[in-house]
Protein chains: 2
Amino acid sequence: MKLTELKAIQLAELFSALSDASRVRIISLLLDGEMGVGALAEKLDMTESAVSHQLRGLRQMRLVRARKAGRQVFYRLDDDHVEKLYRMGLEHVEHG
Amino acid sequence: MKLTELKAIQLAELFSALSDASRVRIISLLLDGEMGVGALAEKLDMTESAVSHQLRGLRQMRLVRARKAGRQVFYRLDDDHVEKLYRMGLEHVEHG
DNA sequence: GTAATATATGAACACTTGCTCAGATATTCA
DNA sequence: TGAATATCTGAGCAAGTGTTCATATATTAC
């Protein structure tokens, strides 16, 4: 079936959201449940600012969802599509 | 489960290969069967050089496979993982 | 109110990416 | 052989990306 230019761009944008090792590692951590920005930053050994910047991109692409609790913001995967995409990619990498 | 830094990079590289509208459109065309570089270039309204550059990246990521026939080179999707990734991405974009 | 904590944001800069252009390589045909 | 065709490749450059740093916002505790 034919792919419109708009859909092609949207698809590319979606995959772009997963096209960076930092973001992939964020997704990987969130597979185990929600996490705050600071905890993510510590696990990833990145500054909170860098993590926050990346989370923004993931949020805009609807890959993660934020929940505010006091002054903390907990992030989790938006839906199961994300996990499926991640796992399928991993299969390909691990040579499926 | 824990994701090594190497795997994170490999995953990011895989998704990077799909993170451009031109490449997504190439994949989309190849869903219907193999195609030569010239035919792809015409359908995509891109120069053959630009298409060839992109195919190189897709080849290196093992998303497409080349078959040489005379002076033509026919490309096709490497395996069904590629189509699955594409379709899953499309589902997400079309709001699944 | 002020101070401390958690996150978000904008600017700046090094690095990467995708294109064009020119030219190289490979194959077919006369 | 030489010309034509199909694809590939390297250099160059404009545009995009991910980080750091400084600062802003929001919430809690005092």
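Naming convention: chains lettered A, B, ... in sequence-line order (proteins, then strands); numbering from 1 in each chain. Values reported hereafter were calculated over all heavy atoms of this structure, with side chains retained and with hydrogens, waters and symmetry mates removed. All figures in this text were calculated on a predicted structure; none of them were measured in a lab.
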Could you check how far [atom1] of [X] sits from [atom2] of [N], rounded to whole Å?
X	N	atom1	atom2	answer
A:Met46	C:dT7	CE	C1'	14 Å
B:Asp20	D:dT17	CG	C1'	14 Å
A:Leu18	D:dT17	CG	P	14 Å
A:Arg67	C:dA6	CZ	P	16 Å
B:Glu48	C:dC21	CD	C1'	14 Å
A:Ile9	C:dG18	CD1	P	14 Å
A:His53	C:dA11	NE2	P	11 Å
B:Gln60	D:dT9	CD	C1'	12 Å

Readout for nucleotides 22-30 of chain C: B = base within 4.0 Å of protein heavy atom, S = sugar-phosphate only, - = neither; 5' to 3' it is B---SBB--
What salt bridge (Lys or Arg N to Asp or Glu O under 4.0 Å) pairs are there with at least one residue in residues 21-33 of chain B, not counting sequence neighbours?
->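 Salt bridge (Lys or Arg N to Asp or Glu O under 4.0 Å) check on residues 21-33 of chain B returns A:Glu5-B:Arg25.
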Under the salt bridge (Lys or Arg N to Asp or Glu O under 4.0 Å) test, residues paired with A:Arg87 that sit two or more places apart =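 For A:Arg87, the residues satisfying salt bridge (Lys or Arg N to Asp or Glu O under 4.0 Å) (neighbours in sequence not counted) are A:Glu83.
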Could you pull out all residues at least two apart from B:Arg76 that satisfy salt bridge (Lys or Arg N to Asp or Glu O under 4.0 Å)?
->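 Checked B:Arg76 against salt bridge (Lys or Arg N to Asp or Glu O under 4.0 Å); zero matches.
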Return the nearest nucleotide to the side chain of B:Gln72; candidates are D:dT7, C:dG18, D:dG10.
-> D:dT7
Which one, D:dT19, D:dG10, D:dC8, comes nearest to the side chain of A:Gln54?
->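 Out of D:dT19, D:dG10, D:dC8, the nucleotide with an atom closest to A:Gln54's side chain is D:dT19.
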Partner residues of [X] under the side-chain hydrogen bond (donor to acceptor under 3.5 Å, both in side chains) criterion, sequence neighbours left out:
X	value
B:Arg71	none
B:Gln60	none
A:Arg56	none
A:Arg67	A:Glu34

Hey, are the side chains of A:His92 and B:Asp79 touching, using non-hydrogen atoms and a 4.5 Å cut-off?
-> yes
Note, B:Leu31 side chain near A:Leu3 side chain (heavy atom, < 4.5 Å) = no
Closest-nucleotide 5' rank along DNA chain D - winner of B:Phe74 and B:Arg56 =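 Between the two, 5'-proximity favours B:Phe74.
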For residues 7-17 of chain B, which side-chain N or O atoms pair as donor and acceptor with protein atoms under 3.5 Å away, sequence neighbours left out?
from	atom 1	to	atom 2	distance (Å)
B:Ser16	OG	A:Ser19	O	3.2
B:Ser16	OG	B:Ala12	O	2.8

Do any N or O atoms of the protein come closer than 3.5 Å to N or O atoms of nucleotides 12-16 of chain D, and which pairs are they?
none

Please check if atom CZ in A:Arg62 has more than 12 non-hydrogen atoms from other residues, nucleotides or ligands closer than 6.0 Å.
-> no
Interface residues of residues 22-42 of chain A with DNA chain D (non-hydrogen, below 4.0 angstrom) | A:Ser22, A:Arg23
Is B:Tyr75 near enough to D:dC8 that one of its side-chain N or O atoms lies under 4.0 angstrom from OP1 or OP2?
->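 Yes, B:Tyr75 has a side-chain N/O under 4.0 Å of OP1/OP2 on D:dC8.
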For C:dT7, take OP1 and OP2 only and decide whether either is under 4.0 Å from a side-chain N or O of A:Ser52.
->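 Result: no.
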Sort and list the pairs that fulfil side-chain hydrogen bond (donor to acceptor under 3.5 Å, both in side chains) and have at least one residue in residues 35-50 of chain B, not counting sequence neighbours.
-> none
